[in-house]
Peer 1: 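Have a look at the structure that comes next, please.
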Amino acid sequence: MSEQVIAGVRDLLPVLRERAQDTEDARRVPEESVKALQETGFFKLLQPKPYGGFEADPVSFYTAVKLIASACGSTGWVASILGVHPWHVALFDAQAQEEVWGADEDVRISSSYAPMGKAEVVEGGYRLSGRWSFSSGCDHCTWVLLGGPAFKDGKPVDFCTYLLPIADYSIVDVWDTVGLRGTGSNDIVVEDVFIPQHRALSFIATSKCKVPGQAVNPGPLYRLPYGSVHPSTITAPIIGMAQGAYDAHVEHQRKRVRAAYAGEQSKEDPFAKVRIAEAASEIDAAWLQLTRNIDELYEMAKREERLPSDLRLRVRRDQVRGTERAISAIDRLFENSGGRAIQRGTPIQRFWRDAHAGRVHAANDAERAYVMYGTGVFGLPVENAMY
C-alpha cells in the first residue's frame, strides 16, 4: 500500500507546486491540498491498522513527505507534522485511541509540544491551562497534542503530552512569518480544562518505548523511539525543500544568461557546475543517513530486539546533521542563482526562506544533539529524553 500512496503523492506534485504561492499568500495550506493528500492515503501511513491505517514502514512516510516538500515547503511541513500524529496517538491508552478514531478514522491532529502551559494533578487526571504556539496545520484538525509539565502540591512530578478535542481549546490566528508562511502555525489556548488520565502520556514512558498503546498496537512501528521518529519528521521536509530548490535552480540555470559576464550562459559556467555538484552530494548524504538509520531501527524493532542507545544517538546526530546539510545545499545554490531568483513568487527564494524557518525548530538544535552523541561515546549517562 505504501507504494500506491507514494505514487499518488507523485501525481499531486504539479498541482502542489502550482499552489505554492497561493499557499504562502493564504498563510495556510488550502483545503483542496489537504483533501487531495487525504485521498492518496498519506495521513493513514503511520496510523494503526485497527483504525484503518497502513502501519507502513517509517521510511515510506518520510519519502512521501520529502516529495511533498519538494513541491511546496509549507505543504510538506504540515503534511509531515499532521502525518506523524497518528503514530503518536497510537502510543496512548486504547480508550484515547477509540475517542479519537472510533467515529471517524480520517480525523486529523495538530500539536504543540513545547511546555508553554502546565497541568495540575487532580483526581482521575489533570487540569490543564496555557497558550501554545506553533501548532502547524491546526485549522485542518479537530484534536491537538500539547506538551507540558504536571504539578502536584506545587511541585513538578512529570512531563506529559495531553490529547484534547477541539471543543476544549481555541485557535488564535497569529501566524505571520518570513518562512513557512503557508503552514498556519497558530496558537492554541486552553483554559482550565480537565484531561482524563487516559488522554495523558508520560514522556518518561515514551522515552523508554514502553507505552500503554502497545497493548493494542504491538507492531514494530509503535516500538520506535519518539526521539527518533519525531525529529526525523522535522528534517525530512527540509531535505525535501532542498531537493525542490535544487530542481528549481537547475531549471533556472539552464535558461539563465549572465549579462555581467558578456552574455555567458550559466550552464557553461564551471563554477555553477561545482555548486550544483556540491549541493546534490549534500542532499544525497542527508537523505541516505536519515533513511539508513531509521531503516536500521525499524528492522531491529521487527526482530523485537532492544534498540541500543548508540544507534538512537546516531539517529539524532545524523538528523540534525541532515538539516545542516540541506540548509548548506540551499545556501550554495541560492548564492549562485542571480538577482531574478529573489523576485517574489520564484520557487528558489521561497524554498530558501522555508528551509531556514524550519531550521529554527527545537528538533534542529544541533549542538545539543552533538553533545548527547559525544556524551554517549564517552560512556557517560545521557541526561536527555529526546533521543
Side-chain angles (χ1 to χ4, degrees), residues 16 19-38 42-43 65 68-69 72-89 100 104 106-119 128-149 160-193 195 199 230-231 233-234 236-238 241 350-351 353-364:
L16 295 180
R19 290 176 184 158
Q21 187 59 49
D22 290 340
T23 299
E24 177 163 288
D25 292 343
R27 297 184 298 115
R28 56 177 285 173
V29 177
E31 294 285 351
E32 297 85 354
S33 296
V34 175
K35 183 179 179 182
L37 287 170
Q38 181 174 311
F42 169 79
F43 294 114
V65 166
I68 298 165
C72 173
S74 287
T75 303
W77 183 270
V78 169
S80 194
I81 297 297
L82 301 192
V84 79
H85 292 154
W87 174 84
H88 197 181
V89 171
V100 172
D104 183 2
D106 290 321
V107 161
R108 289 184 294 272
I109 308 114
S110 69
S111 70
S112 181
Y113 294 109
M116 298 177 181
K118 69 175 185 177
L128 181 68
S129 295
R131 180 166 178 157
W132 287 259
S133 298
F134 312 120
S135 188
S136 299
C138 58
D139 289 328
H140 302 288
C141 302
T142 53
W143 287 80
V144 70
L145 294 157
L146 300 173
C160 297
T161 302
Y162 308 95
L163 177 61
L164 289 74
I166 196 167
D168 287 351
Y169 64 90
S170 58
I171 298 171
V172 183
D173 186 349
V174 297
W175 192 245
D176 188 8
T177 56
V178 297
L180 293 176
R181 283 185 60 81
T183 62
S185 302
N186 290 309
D187 287 5
I188 302 293
V189 176
V190 177
E191 297 180 359
D192 193 29
V193 168
I195 310 294
R199 282 202 270 112
H230 190 270
T233 299
I234 299 303
I238 296 175
M241 294 170 209
R350 187 168 52 243
F351 282 123
R353 288 186 289 107
D354 287 347
H356 277 273
R359 168 65 182 84
V360 302
H361 190 282
N364 289 322

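Quantities reported herein were computed from a predicted structural model and do not represent experimental measurements. Side chains included, hydrogens not; waters and symmetry mates left out as well; all remaining heavy atoms used.
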Peer 1: With rounding to the nearest 0.5 angstrom, report the SG to CG distance, C72 to D354.
Peer 2: 7.0 Å
Peer 1: How many angstroms lie between atom CE of M241 and atom NE2 of H356, to the nearest 0.5 angstrom?
Peer 2: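 If we round to the nearest 0.5 Å, M241:CE and H356:NE2 are 11.5 Å apart.
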Peer 1: What distance separates I109 CD1 from L145 CG, expressed to the nearest 0.5 Å?
Peer 2: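 Here the rounded value is 6.5 Å.
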Peer 1: Is any side-chain heavy atom of T75 closer than 4.5 Å to one of L37?
Peer 2: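 They are in side-chain contact.
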Peer 1: Using every non-hydrogen atom in the two residues, find where C141 and L82 come nearest and quote the distance to one decimal.
Peer 2: SG-CD2, 3.6 Å
Peer 1: Any donor-acceptor pair under 3.5 Å linking the side chain of S110 with the backbone of G137?
Peer 2: no
Peer 1: Taking all heavy atoms of V107 and all of V100, pick out the closest pair and write down the distance.
Peer 2: CG2-O, 3.5 Å
Peer 1: Aromatic rings Y113 and H88: how do their planes relate, parallel, tilted or perpendicular, breaks at 30° and 60°?
Peer 2: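 Answer is tilted, since the angle falls between 30° and 60°.
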Peer 1: Using ring centroids (six-membered ring only for Trp), state whether F43 and H140 fall under 6.0 Å.
Peer 2: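 No: the rings miss the under 6.0 Å criterion.
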Peer 1: So which atom in S185 and which in S136 form the shortest heavy-atom distance, rounded to 0.1 Å?
Peer 2: OG-OG, 2.6 Å
Peer 1: Any chance CZ of F134 has more than 12 other-residue heavy atoms, nucleotides or ligands included, within less than 6.0 Å?
Peer 2: no
Peer 1: What's the spacing between Y162 OH and D168 CG if we round to 0.5 Å?
Peer 2: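 Reported value, rounded in 0.5 Å steps: 14.5 Å.
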Peer 1: So L16 and I68, side chain to side chain contact (heavy atoms under 4.5 Å, CB included) or not? Walk me through it.
Peer 2: CA-CA 8 Å; L16 295 180; I68 298 165; 4.0 Å; yes
Peer 1: The test is side chain to side chain contact (heavy atoms under 4.5 Å, CB included); show your working for D176 and R181 and say whether it passes.
Peer 2: CA-CA 7 Å; D176 188 8; R181 283 185 60 81; 2.7 Å; yes
Peer 1: Would E24 and S74 count as a side chain to side chain contact (heavy atoms under 4.5 Å, CB included) if you check the C-alpha gap in whole Å, the side-chain angles of each, and the deciding distance to 0.1 Å?
Peer 2: CA-CA 8 Å; E24 177 163 288; S74 287; 5.8 Å; no
Peer 1: For E32, look at atom CD and say whether over 12 heavy atoms of other residues, nucleotides or ligands are found less than 6.0 Å away.
Peer 2: yes
Peer 1: Any chance you could measure L164, atom CG, to I188, atom CD1, to the nearest 0.5 Å?
Peer 2: 9.5 Å
Peer 1: Which heavy atom of I234 sits nearest to which heavy atom of A363, and what is that distance?
Peer 2: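 Nearest heavy atoms, I234 then A363: CG1-CB, 3.9 Å.
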Peer 1: Carefully, step by step, assess V65 and F42 under the rule side chain to side chain contact (heavy atoms under 4.5 Å, CB included).
Peer 2: CA-CA 9 Å; V65 166; F42 169 79; 3.8 Å; yes
Peer 1: Verify, without hydrogens or angle tests, whether W132 (side chain) and V190 (backbone) share a donor-acceptor contact under 3.5 angstrom.
Peer 2: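 Checking the backbone N and O of V190 against the side chain of W132, no donor-acceptor pair under 3.5 Å is found.
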Peer 1: Looking only at heavy atoms, which two atoms of Y169 and T142 are closest? And how far apart?
Peer 2: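 Taking Y169 first and T142 second, the nearest heavy atoms are OH-C, 3.6 Å.
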Peer 1: For residues G73 and L180, report the shortest heavy-atom separation together with the two atoms involved.
Peer 2: O-CD2, 4.1 Å
Peer 1: Among S135, S133, S170, S112, whose side chain to side chain donor-acceptor pair (under 3.5 Å) with D187 holds?
Peer 2: S133
Peer 1: With rounding to the nearest 0.5 angstrom, report the NE2 to CD1 distance, H361 to I81.
Peer 2: 5.5 Å
Peer 1: Is there side-chain contact between R131 and V172, with at least one heavy-atom pair below 4.5 Å?
Peer 2: yes
Peer 1: Identify which one of D173, T177, N186 satisfies the side chain to side chain donor-acceptor pair (under 3.5 Å) criterion when paired with R27.
Peer 2: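 Of D173, T177, N186, side chain to side chain donor-acceptor pair (under 3.5 Å) with R27 is met by D173 alone.
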